[in-house]
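Per chain, numbering begins at 1; letters A, B, ... match sequence-line order. Basis for what follows: all heavy atoms, side chains included, without hydrogens, waters or symmetry-related copies.
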Amino acid sequence: MSCRDCTYYVPHALYRYIGFCEKERRVVIGEEYRKCGYFEINPDSYIKDTIEGRGWIYCADCYMPIYDYETALKHKAMGHLLTTKFMFDQVAAEESPGVD
Amino acid sequence: MTRWPLRSRREWTELRELRYIIGGPQGGGLETTSEILSWAFARSGYGVISDREYFSNIKGRHSYIHATVSGAEVPYHLSYPVDVIAAMDAESVFSHIGDIRDGGYLIYNSDEGQSRFNAIPSMERELRDRLAAFMKAESLDGTLASVVKYLSDARRVNAIGLSYRDLLDQLQKKESVEAAQASRYISTILSGAMAALSGVSRESIEFSMRRRFRQDEIYRANMTMFDIVSSLVESKHGSPLKLEGSTLSLRKMLVASGNDTVAMAKAVAGLRFQSYYPITPAADESFTLEEYERLAGDGPTMLVYQLEDELAVINAAIGAALAGVRSAAATSGPGFDLMVEGLGWAGMNEVPVVVTYYQRGGPSTGQPTRGAQSDLLSSVFASHGEYPRVVLASGDHVEAFYDTIDAFNYAEQFQVPVIHLVDKFLANTIATFPIPDLSSVKINRGAVIKEKVPGYKRFDFTYPVSPRAPLGTNVMWYTGDEHDEYGHISEDSENRVKIMEKRMGKLEVMEKEIPEERRYSYFGDERPDLILVGWGFVKGVATKAVSELRASGKKVGYLHIRTFVPFPSRTIGSVAKDVGADRLVAVEHNYEAQAAVLTAANTGITIGKKIVKFTGRPMYANELEEAVMRVMKGENRVVLEYGA
Ligand SMILES: [Zn+2]
């Protein structure tokens, strides 16, 4: 079990190995586990509830939204991180082209 | 044809020129790294050119910086192979396997050793297929680790694996890290490693970081990351890529993108109104101008106006010009297409308006973030009906600066629309260049009437250019319909002949007033065996190729076209006569060789030999030299296609 398995882990959209810990309010490394005392895993119903509730869930490893439960389970089985949250990022806004 | 991957060798015999690629996900901090390194090299007295290649994508796709640094000349060319590839992610290594020279340096994230090329979601299928074939041919298992091993073993590449995770961890132990700036620190890992390898001083980096990061904590954390990485890399590898001391005597120079250069020049030219609709690669110019927008207070004002579309943009710019101020619009192909009707109105009503036209890959949306020179014919001919215009094209930052000022001068001197062609390559390239000599800048506002003149004729037939009066000073009429000397609608045949001759007569005036030597420049042998004929961003790479070929004993030259209307017909005519038209080679970033089409139209001379590139990536010195050799051996058309 590492930080990226924790419900309080918010992945970075571009650099998949880092994320934000909502409890410690700081950058953490996804594959480490810090024995912080906050670690909590998402309930089994998380993926199903999210897809039913929001209509989508995002695979942070495949950079793609997923709209159905079966596909989401396949990604989960591959150890991918399914989420609806992203780290707040000021850099991309400064660097991305404003237009097309 | 250059095939992927490039296997050409480059020996690091003398440290006169450093070439590098920095790759990473779009929006991941790359641009800042490029700026910081460019400024730092410039601060140390070196010349830099740094091109940015990116997908039409907001965030996440592979983008990269390709740069040349030199202390022997102010570089204006890019070339392969490069000496260093600094990769923010595994995709950047996979995308540039073929671009690194034997014995070069690779900086990569050692945590990603097990990343596989075929598991990278942002990679295009075609590249994945090429990589699959490559992995198979070289018996690699497709992981980053296997590629690194291949580069080390087969290509003698010095692989510098750094654990980006650990570095970030180390940083967090020393500084409070702003989470929203996380990717900034990752990009600083690359600045640190690059600076260590190339021996850039800490002082230069400090200067650049200070300039880039206004917030003190962010500056400090980035400097700490820089120190951690640069001392680590330097202690293990030294500074093997330290350039020879610069012999450039540029005590003061500008480091700017093409967009920013044009913006600066517009301010110098006295621009008072700019309208735009955001479009790549033009918008950055307007964004820069917006920083200098002044709507009140003492001194001149400058209004930068974003409108709902390019139809409105050109009409707003025309309105401002009629009111008497220097006025421009900035756009690229799709926007220009929408402006064509408005431009015709400007032609009909003799409005001095400037359109800065940033070319990108077309047609349609095309390759919005890639470069091209394929809008030349459109800029010269786009119109229903006939009216005179001036078309200028800039080859580098210095030309772009002075051409911008000339564009306003010509617009007002001849009272015509002026189209100033630049391209994405120039727009998004950061280059060092001498500070323009402002004492040589002349502002010519043409014939203007400011006082009230009884019976004022806005379109007086006596001379093609009639003195213009700003709106509000005199009585005048403007309409899209054909009109008489006052501007009143007239369909009379006799009037039509007179006013057409007056308007079109400007072509002759321009022909007389814009000197031939303003229309082109020439580099190379006086009596060459071969002359490359090009324009725009081709200039840098063509002059480099010419100087390299001359150094190896070939007699070659480069004729650079700077104005298309009016056209340097006399020069091209006499060159073709002296050297032979069959020794001219068009070198252009489009399929047809559009400048060759215009050469034929203006002079009757057919340029039968062509070197063209239309992949959206710039031409590289190495591929152009090779193409010229092939033309010398008898090929008539070479299509260049190198570049990730
Ligand atoms: Zn997935």
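Highest contact tally toward chain A, considering only B:Glu178, B:Glu112, B:Gln181, is held by B:Gln181 [criterion: heavy-atom pairs under 4.5 Å]. The greatest number of non-hydrogen atom pairs below 4.5 Å with chain A, out of B:Thr369, B:Ile120, B:Thr32, B:Leu168, is found for B:Thr32. The choice from B:Gly60, B:Gly29, B:Ser56, B:Ala283 that makes the most heavy-atom pairs within less than 4.5 Å of chain A is B:Gly29. Between chain A and the residues B:Val177, B:Thr365, B:Asp89, B:Leu30, the largest count of heavy-atom pairs under 4.5 Å involves B:Leu30.
In this structure, the side chains of A:Val28 and B:Gln172 stay at 4.5 Å or more apart for every pair of heavy atoms.
Atom CD of A:Glu32 and atom CZ of B:Arg165 lie 6.0 Å apart (nearest 0.5 Å).
At distances below 3.5 Å, at least one donor-acceptor pair connects side-chain atoms of A:Glu95 with backbone N or O atoms of B:Glu31.
Contact of B:Ile186 with chain A is made through the side chain alone, with heavy-atom distances under 4.5 Å. Contacts between B:Ser183 and chain A at a heavy-atom distance below 4.5 Å involve backbone atoms as well as side-chain atoms. Contact annotation for B:Arg52: only side-chain heavy atoms (C-beta onward) come within less than 4.5 Å of a heavy atom of chain A. Only the backbone of B:Asn57 comes within contact range of chain A, with at least one heavy atom under 4.5 Å from a heavy atom of that chain.
Note on residues 78-91 of chain A: pairs passing salt bridge (Lys or Arg N to Asp or Glu O under 4.0 Å), not counting sequence neighbours, are A:Glu22-A:Lys85, A:Asp89-B:Lys59.
Contacts with chain B (heavy atom to heavy atom, under 4.5 Å) involve these residues of residues 4-21 of chain A, listed by number: A:His12, A:Ala13, A:Leu14, A:Tyr15, A:Arg16, A:Tyr17, A:Ile18, A:Phe20. Of residues 40-75 of chain A, those residues lying under 4.5 Å from chain B by any heavy-atom pair are A:Asp61, A:Cys62, A:Tyr63.
Around OH of B:Tyr305, the count of heavy atoms belonging to other residues, nucleotides or ligands within 6.0 Å does not exceed 12. With a 6.0 Å radius and a threshold of 12 heavy atoms from other residues, nucleotides or ligands, B:Phe226 has its CZ atom above the threshold.
Residues passing the side-chain contact (heavy atoms from CB on, under 4.5 Å) test with B:Thr224 are B:Leu171, B:Lys174, B:Glu175, B:Ile228, sequence neighbours excluded.
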